[in-house]
Number of protein chains: 2
Amino acid sequence: MSDLLAERDAWSMANCSIARTLEIVGTRTAMLILREAFLGTRRFDDFARRIGIGEPATAARLKELTAAGLLERVPYREPGQRTRYAYQLTEKGRDFLPVLTALRQWGDTWVAGEQGRPVVARHKQCGGEVRAVLRCEEGHDVPFGESYIDAGPGLLRLEADGA
Amino acid sequence: MSDLLAERDAWSMANCSIARTLEIVGTRTAMLILREAFLGTRRFDDFARRIGIGEPATAARLKELTAAGLLERVPYREPGQRTRYAYQLTEKGRDFLPVLTALRQWGDTWVAGEQGRPVVARHKQCGGEVRAVLRCEEGHDVPFGESYIDAGPGLLRLEADGA
DNA sequence: GAGCTGACTTATGGATGCGTAAGTCAGCTC
DNA sequence: GAGCTGACTTACGCATCCATAAGTCAGCTC
């Protein structure tokens with residue numbers, strides 16, 4: 001457990017996973033599109049109407065999220081209608097659920113309205129509320145302050161100029 | 001377990017906790033400021049330099065996050081210097097860690113560079129890697145598809161016009 | 001083959017995000 | 001009391017986000 005944080009200036013965050021992620025889902029509307037996708041929305045108009053955003057923003061975000069591989073366009077056909085395309089989550093997109101759960105949970109705790117939170121996620125099996133928690137490989141819950149930052153293989157160490 | 005998703009159009013997301021949260025931390029720079037705060041950065045110049053953003057953006061975001069209660073300004077004094085202010089996480093800010101952990105984890109999995117992820121969080125106690133996981137109150141892990149959405153006290157049900 | 005419908009695209013404009021560069025300001029050192 | 005330093009603020013301009021409104025387009029119905 002070398003103290004990587006103490007030498008914070010000796011390494012770069014140029015390839016930070018958080019920054020990379022935000023380049024894909026860093027807009028408010030992208031997050032809301034994903035929220036809506038997790039709620040089961042699949043069609044263009046439904047995304048726009050349920051989120052309350054304009055069609056150009058809807059089209060732009062759906063295109064970006066599809067290009068990034070979080071959504072995929074799948075053809076569908078309703079009786080008496082022509083073939084259309086729906087947007088559904090890929091595995092890459094489904095894997096984003098912990099992010100949205102953590103965001104919702106934080107909002108429920110700290111910025112909910114007077115009435116309280118609008119929705120709750122529950123486990124189908126037991127009805128228990130679903131929460132995003134931090135846990136280590138060994139199965140321990142990890143409260144704030146009980147974790148440390150370790151170097152990964154992609155850590156960029158900066159040249160020391162005058163040393 | 002009434003199927004709330006089936007009647008998705010009958011309820012509103014006007015007070016959605018995710019949307020509310022994004023109004024505070026919905027910019028790329030706000031998230032990166034928080035990342036840096038969790039890495040131990042506390043001073044204005046360090047935030048700007050380590051994140052690689054300009055001073056106006058740094059000042060704006062620090063001000064917003066302080067106003068929103070995620071950071072607090074604390075006076076400090078180095079020997080031979082005058083009193084200055086540092087920014088440190090409040091409880092409200094510390095509670096944001098699961099969001100950043102989930103974002104980092106998704107990026108590590110899906111958009112890491114060739115070298116792999118730059119950093120890993122580990123449990124101080126055992127060295128095990130820390131992950132953001134979805135778990136229900138009863139202690140069960142909740143994989144994708146094993147949860148459902150239930151109404152909370154703040155759910156806004158819309159008037160049915162023609163029904 | 002004319003109209004309809006869902007899924008977009010285009011045009012336009014305002015608001016916000018963010019960078020660079022330069023200025024301010026307080027108070028400690030010398 | 002002049003200079004220095006950290007912490008900002010101001011000025012300016014570009015780029016992106018996003019809304020409203022209108023146009024397009026494919027193909028099914030009638």
Side-chain angles (χ1 to χ4, degrees), chain A residues 8-9 13-14 16 18-19 21-37 41-68 71-88, chain B residues 8-9 13-14 16 18-19 21-37 41-68 71-88:
Chain A
R8 170 69 187 86
D9 281 315
M13 279 258 137
C16 170
I18 295 175
T21 300
L22 292 175
E23 284 178 22
I24 299 171
V25 295
T27 64
R28 184 183 143 78
T29 46
M31 288 281 191
L32 296 179
I33 291 267
L34 287 173
R35 174 200 77 188
E36 212 50 48
T41 299
R42 295 162 50 92
R43 290 164 50 161
F44 185 91
D45 280 9
D46 288 338
F47 279 110
R49 183 172 36 80
R50 291 172 179 172
I51 301 175
I53 61 179
E55 290 171 3
T58 306
R61 239 45 75 206
L62 286 175
K63 196 164 289 186
E64 289 164 13
L65 291 172
T66 302
L71 297 177
E72 61 187 347
R73 266 162 60 99
V74 294
Y76 74 98
R77 177 130 179 213
E78 290 187 352
Q81 297 289 329
R82 72 176 205 264
T83 299
R84 301 189 184 284
Y85 292 89
Y87 297 86
Q88 72 180 20
Chain B
R8 170 70 186 86
D9 281 315
M13 279 257 136
C16 170
I18 295 175
T21 301
L22 293 174
E23 284 178 22
I24 300 171
V25 295
T27 65
R28 183 183 144 80
T29 46
M31 288 282 190
L32 295 179
I33 291 265
L34 287 174
R35 174 199 78 189
E36 213 52 46
T41 300
R42 292 162 52 92
R43 288 164 51 162
F44 184 90
D45 280 10
D46 288 338
F47 278 111
R49 183 173 36 79
R50 290 173 179 172
I51 300 175
I53 61 179
E55 290 171 4
T58 306
R61 239 45 74 203
L62 286 175
K63 196 163 288 187
E64 289 164 13
L65 291 172
T66 301
L71 297 177
E72 59 187 348
R73 265 162 62 100
V74 294
Y76 74 100
R77 178 132 179 211
E78 289 186 354
Q81 298 288 331
R82 72 175 204 267
T83 299
R84 300 189 185 284
Y85 291 89
Y87 296 86
Q88 73 179 20

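Side chains included, hydrogens not; waters and symmetry mates left out as well; all remaining heavy atoms used.
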Point to revise | Euclidean distance, atom CD1 of residue A:Ile33 to atom C1' of C:dA7 [Å, nearest integer] | key: 14 Å
Point to revise | D:dC18 OP1/OP2 closer than 4.0 Å to side-chain N/O of A:Thr29 | key: yes
Exercise for review: Give one of base, sugar-phosphate or nothing for B:Gly26, where a contact means two heavy atoms less than 4.0 Å apart.
Suggested key: nothing
Point to revise | Distance, nearest 0.5 Å, that separates OG1 of A:Thr58 from NZ of A:Lys63 | key: 12.0 Å
Review point. What's the spacing between B:Glu36 CD and A:Ile18 CD1 if we round to 0.5 Å?
Key: 9.5 Å
Review point. Which base, if any, makes a Watson-Crick or G-U wobble pair with D:dC28, both distances under 3.5 Å?
Key: C:dG3
Exercise for review: Rounded to the nearest angstrom, tell me the gap between atom OH in B:Tyr87 and atom P in D:dC8.
Suggested key: 4 Å
**Study point:** Any strand: nucleotide that pairs with C:dG23 via Watson-Crick or wobble, under 3.5 Å
**Key:** D:dC8
Practice item. May I have the distance from A:Leu65 (atom CG) to C:dC8 (atom P), rounded to whole angstrom? Key: 14 Å
Point to revise | CD1 on A:Ile33 to CD1 on A:Ile51, rounded to 0.5 Å | key: 4.0 Å
Study note, to complete from the structure: Winner on side-chain proximity to B:Pro56, out of C:dT9, D:dA11, C:dG6, is D:dA11
Review point. How is B:Thr58 classified with respect to the nucleic acid when contacts are heavy atoms under 4.0 Å: base, sugar-phosphate, or nothing?
Key: nothing
Check your understanding: Rounded to the nearest 0.5 Å, how far apart are OH of A:Tyr85 and CD of A:Glu72?
Key -> 13.0 Å
Check your understanding: If each of A:Thr83 and A:Thr27 is mapped to the nucleotide of DNA chain D with the nearest heavy atom, which maps nearer the 5' terminus, i.e. the 5' end?
Key -> A:Thr27
Exercise for review: Return no unless some side-chain N or O of A:Tyr76 is found under 4.0 Å from OP1 or OP2 of C:dA7.
Suggested key: yes
Review point. Which comes earlier along DNA chain C counting from the 5' end, the contact point of A:Tyr85 or that of B:Glu55, where each point is its nearest nucleotide?
Key: A:Tyr85
Point to revise | Check: B:Arg84 and B:Phe44 side chains under 4.5 Å, non-hydrogen atoms | key: no
Point to revise | Minimum-distance nucleotide to B:Arg84 side chain [options: D:dT9, D:dA7, D:dC18] | key: D:dA7
Point to revise | Separation of D:dA26 C1' from A:Phe44 CZ (nearest whole Å) | key: 16 Å
**Study point:** Earlier contact from the 5' end, DNA chain D, for A:Gly54 and B:Ala60
**Key:** B:Ala60
Check your understanding: So what does B:Phe47 touch, heavy atoms closer than 4.0 Å: a base, only the sugar-phosphate, or nothing?
Key -> nothing
Review point. Just how far, in rounded Å, is P of C:dT16 from CD of B:Glu23?
Key: 12 Å
Revision key, fill the gap. Between CZ of A:Arg50 and C1' of C:dG6 the distance, given in whole Å, is 15 Å
Check your understanding: Starting at CD1 of A:Ile53 and ending at P of C:dT16, how long is that distance when rounded to a whole Å?
Key -> 18 Å
Practice item. Ignoring backbone atoms, test whether B:Arg43 places a side-chain nitrogen or oxygen under 4.0 Å from the OP1 or OP2 oxygen of D:dA7. Key: yes
Review point. Within the structure, does a side-chain N or O atom of B:Arg73 lie under 4.0 Å from either OP1 or OP2 of D:dC8?
Key: yes
Exercise for review: Remember a base hit wins even if backbone is also touched, and classify B:Arg61 as base, sugar-phosphate or nothing at under 4.0 Å, heavy atoms.
Suggested key: sugar-phosphate
**Study point:** For atom CG of B:Leu22 and atom P of C:dT16, their distance in whole Å
**Key:** 17 Å
Check your understanding: Applying a 3.5 Å limit to both distances, which nucleotide forms a Watson-Crick or G-U wobble pair with C:dG17?
Key -> D:dC14
**Study point:** B:Thr41 side chain to B:Ala37 backbone, donor-acceptor under 3.5 Å
**Key:** no
**Study point:** Contact under 4.0 Å: A:Lys63 side-chain N or O vs C:dC8 OP1/OP2
**Key:** no
